[in-house]
*Asks:* 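I'd like to ask you about the structure that follows.
The structure presented is a predicted model; accordingly, all values stated were derived computationally and were not measured. Every chain is numbered from 1, with letters handed out A, B, ... down the list of sequences.
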There are 2 protein chains.
Amino acid sequence: MNTASIGPVHPGPNTVTAHRPATLARISDGFWALRRRVNAEASIPEGPQRLEEAGNLANLRAAADPDGSAAPVFSGDFQFQDSDVYKWLEAACWQLADEPTPALAADVEQIVALVSAAQREDGYLQTYYQLGEREPWTELGWGHELYCAGHLMQAAAAHYRATGGRRLLDVALRLADHIESVFGPGKRVDAVCGHPEVETALVELYRTTGEQRYLDLARYFLDRRGHGTLTSGADRGHDRDPGPEYWQDHLPIREAGEMVGHSVRQLYLLAGAADLAAESDDDELRQALVRLWQDMVSNKTYLTGGVGSRHDWESFGDAHELPADRAYAETCAAIASVQFSWRMALLTGEARYSDLIERTLFNGFLSGVGMDGRTWLYVNPLHLRATPHERPGDQTAHRTPWFRCACCPPNAMRLLASLPHYFASVSGTGLHLHQYATGKYGGDGFTVHVATEYPWRGTVTVTVDDAPAEQRTLSLRLPAWCVRHTLTVNGTLADGSAQDGWLRVTGMFQRGDSIRLDLGLMPRLTRPNPRVDAVRGCVAIERGPLVYCLEQSDQPGGLNPDDVVLDPAAPLAVQERPDLLGGVTTVIASGRRLPSDEPGQWPYTPHEAEPRPLPETVHLAAVPYYAWANRGLGAMRVWIPAAEVG
Amino acid sequence: MNTASIGPVHPGPNTVTAHRPATLARISDGFWALRRRVNAEASIPEGPQRLEEAGNLANLRAAADPDGSAAPVFSGDFQFQDSDVYKWLEAACWQLADEPTPALAADVEQIVALVSAAQREDGYLQTYYQLGEREPWTELGWGHELYCAGHLMQAAAAHYRATGGRRLLDVALRLADHIESVFGPGKRVDAVCGHPEVETALVELYRTTGEQRYLDLARYFLDRRGHGTLTSGADRGHDRDPGPEYWQDHLPIREAGEMVGHSVRQLYLLAGAADLAAESDDDELRQALVRLWQDMVSNKTYLTGGVGSRHDWESFGDAHELPADRAYAETCAAIASVQFSWRMALLTGEARYSDLIERTLFNGFLSGVGMDGRTWLYVNPLHLRATPHERPGDQTAHRTPWFRCACCPPNAMRLLASLPHYFASVSGTGLHLHQYATGKYGGDGFTVHVATEYPWRGTVTVTVDDAPAEQRTLSLRLPAWCVRHTLTVNGTLADGSAQDGWLRVTGMFQRGDSIRLDLGLMPRLTRPNPRVDAVRGCVAIERGPLVYCLEQSDQPGGLNPDDVVLDPAAPLAVQERPDLLGGVTTVIASGRRLPSDEPGQWPYTPHEAEPRPLPETVHLAAVPYYAWANRGLGAMRVWIPAAEVG
C-alpha cells in the first residue's frame, strides 16, 4: 500500500482507476496554508470543548457506564450526535498525519478510549439508542445508525493511517461485524439507512483491511437502495413524510438520471458508488455516475460550486432552480460534492472534476468557514437582503460558533485537514497537479515542488525534485475559467494547448527542471445560462477561481447592494488590500444607484413605460465570496443586475 | 341593523367606517355567476362527504358520545380539523342566503346538531382535546383552540344571518363565554392563540349580539399579541421552533412595519385589527394597518395577488423576495388578503384596496379552485417546470380532491358563496361599485343593476332601479390596470377623470338612468420592479384584471415554456375560445425558441461571449392563470424572459 497517499481515499491493489492519489502531497505556504493553519490552531483544538458543551462526549460517557452514577440521559436533539465526534476525530487524525503535536494526540487518544468504552459487547454502537427507550435498528429512516457507523469507519481509517494505532479501527471492525450479522442476504433485507454514508466507509474499511466482506456489504447496501423501502413511519413522531427521493430510495443509481432529494445524502451515496465502481470496474455504474455528475453541473450547481437549492428538506431543486437568496447550499453539501468529484477525477482521470472541486473549495465550501475558524455557516446563500427574516435555528446567514445540528463544522475541519490529498494524483504516465498551492507533490519516484501566490497571482512555478530515468508526463490542470495563459519549460515558451483540460509536459525530467504556468487573472463578468431564472439579467464578478460579491459594508456610504445596477461596459479594476479580511484582492466595478420606491406602489408596470433614469454613478467594491459575513450581518449580492436590464 | 348586507362583515351601530357593505348585492350572470354555480352545485354539496371521509364528522360524533360504543379516537393529522367543518358550514349558510334549497338546509342543520351535541357542558368545544389525552388550553402555540372557536363564531354569524336560526349561534356564545371565563384580565393573561382568527370572529360576534364583552375580549387578545409569549414548547413534539414572527407574536401591530411570518396568520390578524379599528375609531391602529398593507402591496405581493413567498413555515419572505417557481401563495392567504383588504376598503373608502381584491380574486385566489369545483390547489406558484420534484403532501401543483390539511377548500367555498358581499358598498354620499359583475347592487334606497361580460369584454352598463329624491353619487372603481376608458351617462360622454381610483357620477338619479363604463382591454406586457430579483428581465401578459400564463399543452408541439423567450416588440393578438377551459380569451404572443444545452455544460459564461442566435420564431398561446393546471401537469410560466435579455 505504499503507493497510496495518507488521505481519505486509499486505493487498494484491486482498485481500478485512471489515477491514484499522489503519495506526497504537502501544502507549505500561501492561501490554503493560511486557512489550514487556522483549522489546526483554532478549529480542531476547540473541537473537544464544543463536543463537551453540546453533550456529545457526555453521551459516550453515559453509554460507557450505563449503570453508573450519572443518569443515562441522551443529550442533543438528533440521533446522529455521535457522528460529530467521529468527524472531529477524523479531522484531528489527518491533522496529526500532517503535523503531529502531543496535545492533539492526547485529545484524540482520550476520545478514542471513550468511543471504545461506549461500544456494546456485541459491537453495537450508537449512544442515542443505547441511552434511549427505543431498540436499535428499528428506525432505519431517521435513526442514522449506519450513517454514524460510516463516520466511525472513516475516522478509524484516518486514525490507523495517521498513527498506525488499531484501537479505533478495532472498534470500527467490531461494529462492522455486528452490522454484517444483522444485514445482508439471509438476514435483514428489508431496509437501508435513511442517510447514505456507510457505503463509502465500508469500501474504505475493505481497502484498509483487505476483507472482501466489507466490500460485499457496501455493494449490498448500494444495491438495496432505490426500491422505496424506507418510510418515515412513526420514527420519532416525524409528522411530515419527505418522500423516497429525500433519502435516495426512489430509484437505483444505475437507473437515475437526475440529482434529487437531500443533497448531502445524494452526494455521499454517489461517493460510495464511485468507490464501488472503482473496486469492481463497473462500467454501467460509472456511466450512471458521469450522467448524474453532469446533471448536477449543468442544472443544479451555483456559481460558487454550492449545491442544494431548497431549504425544504435540504434538497436539490428542479433543473435550473437556483435562487440566490434562498440558496441552501449547505457547507456539508459542498464538502460532499468535493468528495464525489474527487472520486470521479481518480476514476476517469478527467480534469473537469477538479475544475468543479477548485470552484467549490474556494467559494461554496470556504464561505462556510469563518475567517477566525471559530464560527461557521450552515447555509451559503448568494444573496442576503438588508433586513433578512430568517427563522431561528441553524439555517441562517449568521456565523455561529456551533450548531444544534453540528454536522458542518467537523466536516469542514476534516476536509481542510486532509486538503492536500485532493491536490495531486499519479497515473502510469506521471504526475497530475489538480490544484495549485505552494508545497510538494509526487509519487512513483516523480516529485516536484510548487511555488505560487495563487489565487491572488497567476504564476505557478513547478520545479522537479526527483524524476525516474524514464519519460514522464507532468500534467497541469488548465482551469476552465482561464481564457489566457502561457506555459514555459525551463524558460522557453512551450505548447500551451490543453487537451481535456490538462496541459501536458512530457519528457525525461531532471531535478531542477522548471515548468512555469502563467494564468491570466483579469477580473471578469459572468452571466448565467438563460434557463437559470433566478439570476436572469444579472452578472457576477469573478477573478481566477474566486467568485466575488458586494457586501454592504464595503460600499460608499453603506449603500445597499440591492439598490444598484452594474454597468457591464465599464472597466473593472483590482486593488490589493492586505489590510482587509486577512489580505484579499478586491475588484472595483462601476454601477448606478436605483431610486427609492413610493410606499404602497404596485411593483409591476407596463412594459412600454420609460424606465426611470439612473443618473447617479457609484463605485462598487467586491470582495471574495468566501470571506463574506465576517464583519457582521449586512446585505450581500453575488449576482448584480446589469444596467441594461435594470 | 337593516342597513347592513347579508355577509361576513356586518357593521353595527357603533362601527366607524367610511363605507358599509351594500345591503343589496346579488350576482346573476357572467364570469363569477358561473364560478359560483360550480361552487353551489359541486363544491358545497360534496363537502359533507369529504368531511366524513376525512374523519371530521366522526370526531364530532365521538365527542358527542364519548362513553358510547365507538372508541373516542381522534381522526386526522391536525388539531384544527373541526375548523374545516365550521368553514364548510359558513359556506353553506352564505349559499343558503343566496339560494335556499331544502337539501343543503338539511345538511346544514344536521351538522349544526352534531356540533351542538359535541359541545361540553361547560361550553368548551374542540374535539382534538376532547378525544385526546392532553388537557384543553395547555398548548396555545399549536393547539388552534381559539382559531377553531373563531371559525365556529363566523359560521354561527352566517347561520344566524342566513337562516335566522340561533342554534349554532348559541353554541358559539356558550364557547365564547367559556373562553371569557378562562382568558382575560384577572384570569389567564399568559398566552394568545398560535393562529389568529378569534379576534375578527369575536368582533363579528359583538356585532351580531351587541354584547360589549366580546369586543373587549377581541381587543384583549389583540393587545396581548406581539410580546413573545408563545413558544413552540413541547406541544405535540414539534422539534422545530418557528420563532415569534410565525405566529405573529414578535411585535404589537401598532409597532410593526413589515408583513412577516405565516401569511394566513398575519392576514387574519390584520383583518381582526381592522375590525377593531372600525369599532374603536383607533387612528394609531388604522395607520399601522395602512403601513402594513402598503408593505405587502409594494414588497411582498405576486402579480397574481398571491402572497407568501416561502414554503418554509408558509411565510412571507423578505421584501422583493418573490420567486415564481417556489411561490407558496397559499389559496387561504389569497382569501385572507381579500378579507383584510375589504375591511380596509370599508374603513377608508379608498379604491386601491379593491384593486388588489380584484387582482387577487381573478388570479391568485381562483387558481386555487379547480374548474370542476372538485379539485383544489393549496399552493399557487407562477412557474412550474416540466419535471417538478415536489415532496409528497398538500403543497404541490397537482389539483387534489381534498388535503390532509384541508384548510383551503372550505375557505374557498365560503369566499365564493359570500362573494357579492365584496362587490359594492354604500356611504353617506351614495353607492360604490368595487367589482363588476352582472347583478343588482344598492342600499339606502339607491339601487342599480349592472350588465357586463367582464372580464372578457370591457363594457359595464349600470342602470338605476331606484334612487332617493336627493343628490347621490354613483362611484365606479376605475381599475388601476386600465390605461384607456370612457364614461357615458345616458348616452353622453362624461368626465372620465378618476379621483383616488373612483369615477364619480353625481346627480339626482332617476329609474332608468344609464351609466356606461368602457374599459380598454388591449392585452399588455408587464414588467417587474427592478428589485424583484426572481423575475428580472421577464415580462408577463395581462389583459384587464387577468394575469395570463403559458401552459405547455397550449404550445405548438408541446413546446416547454421554459424553452422560449418572448419578443416584447411583436404585437399581441387575442382569440376568443369558447371551447377552451369553460370559455376563455387567449392571448397570442411571439417568441423564439432557445437551443438545447450540452450535457455537462457549465451554465455560466463570460459576459462578453456572443449570445447564441435564436432564429426560430414561435407563437406562444397564453391562457388565464386562474385556469391553469386543469389539463394535467405540464410546465407553466407567468413570467416569460424578454428576448433582449434572454
Side-chain angles (χ1 to χ4, degrees), chain A residues 77 237 239-243 245-246 260 294 297-299 303 310-313 317-319 321 323-326 383 385 387-389 391-393 480 483 524-534 536-540 562 565 568 594 597 599-607 641 645-646, chain B residues 77 237 239-243 245-246 260 294 297-299 303 310-313 317-319 321 323-326 383 385 387-389 391-393 480 483 524-534 536-540 562 565 568 594 597 599-607 641 645-646:
Chain A
D77 291 316
D239 66 355
R240 301 197 306 163
D241 178 1
E245 291 183 351
Y246 173 75
V260 297
Q294 289 187 163
V297 167
S298 292
N299 301 325
L303 186 66
R310 294 188 185 174
H311 280 243
D312 268 51
W313 298 112
D318 294 334
E321 179 190 329
D325 48 4
R326 296 296 289 165
H383 178 196
R385 294 188 179 83
T387 54
H389 289 276
R391 70 175 195 220
V483 293
R524 62 191 190 276
L525 294 179
T526 299
R527 68 167 181 231
N529 182 297
R531 288 184 169 82
V532 181
D533 293 286
R536 177 174 289 110
C538 290
V539 291
D562 283 332
V565 294
L594 289 175
D597 295 320
Q601 183 182 312
W602 182 240
Y604 309 101
T605 52
H607 179 69
V645 179
Chain B
D77 291 316
D239 67 353
R240 301 198 305 164
D241 178 1
E245 291 182 353
Y246 173 75
V260 297
Q294 290 187 160
V297 167
S298 293
N299 301 325
L303 186 66
R310 294 187 185 175
H311 279 243
D312 269 49
W313 299 112
D318 295 335
E321 178 190 329
D325 49 3
R326 295 297 289 165
H383 178 196
R385 294 188 178 82
T387 54
H389 288 276
R391 69 175 195 220
V483 293
R524 62 193 189 275
L525 294 179
T526 299
R527 68 167 183 233
N529 181 298
R531 287 183 170 84
V532 182
D533 292 286
R536 176 175 290 108
C538 290
V539 291
D562 284 333
V565 295
L594 289 175
D597 295 320
Q601 183 182 312
W602 182 239
Y604 309 101
T605 51
H607 179 70
V645 179

*Asks:* Would you say that Pro603(B) contacts Arg531(A) through its side chain, given a criterion of any heavy-atom pair below 4.5 Å between the two side chains?
*Replies:*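 Contact flag for Pro603(B)/Arg531(A) side chains = no.
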*Asks:* Go through the structure and list residues passing salt bridge (Lys or Arg N to Asp or Glu O under 4.0 Å) with Asp562(B), not counting sequence neighbours.
*Replies:*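 Once residues adjacent in sequence are excluded, the partners of Asp562(B) under the salt bridge (Lys or Arg N to Asp or Glu O under 4.0 Å) criterion are Arg637(B).
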*Asks:* Is a side-chain N or O of Arg385(B) found less than 3.5 angstrom from the main chain of Ala319(A), in a donor-acceptor match?
*Replies:*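 Yes, the answer is positive, given that a donor and an acceptor are paired below the 3.5 Å cut-off.
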*Asks:* With a 4.5 angstrom heavy-atom cut-off, is it the side chain or the backbone of Asp325(A) that approaches chain B, or both, or neither?
*Replies:*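 Just the side chain, heavy atoms under 4.5 Å.
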*Asks:* Nearest 0.5 Å, please: how far is CZ in Arg326(A) from CZ in Arg310(B)?
*Replies:*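 One finds 3.5 Å between CZ of Arg310(B) and CZ of Arg326(A).
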*Asks:* Hey, which of Val539(A), Thr526(A), Asp533(A) has the most heavy atom pairs under 4.5 Å with chain B?
*Replies:* Asp533(A)
*Asks:* With a 4.5 angstrom heavy-atom cut-off, which part of Pro528(B) approaches chain A: side chain, backbone, both or neither?
*Replies:* both
*Asks:* Hey, does Ser298(A) have a side-chain heavy atom less than 4.5 Å from the side chain of Asp597(B)?
*Replies:* no
*Asks:* With heavy-atom distances below 4.5 Å as the criterion, would you say the side chains of Asp312(A) and Asp312(B) are in contact?
*Replies:* yes
*Asks:* Ignoring hydrogens, what is the shortest heavy-atom contact between Gly537(A) and Arg536(B)? Give both atom names and the distance.
*Replies:*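 That closest heavy-atom pairing would be O-CD, 4.0 Å.
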*Asks:* Select one option (side chain, backbone, both, neither) describing which atoms of Val297(B) are under 4.5 Å from chain A's heavy atoms.
*Replies:* both
*Asks:* Below 4.5 Å from any heavy atom of chain B, which atoms of Pro599(A) appear? Answer side chain, backbone, both or neither.
*Replies:*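 Backbone plus side chain of Pro599(A), per the 4.5 Å heavy-atom cut-off to chain B.
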*Asks:* Could you tell me whether a side-chain N or O of Arg527(B) sits under 3.5 Å from a main-chain N or O of His607(A), the two making a donor and an acceptor?
*Replies:*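 Checked: pair present.
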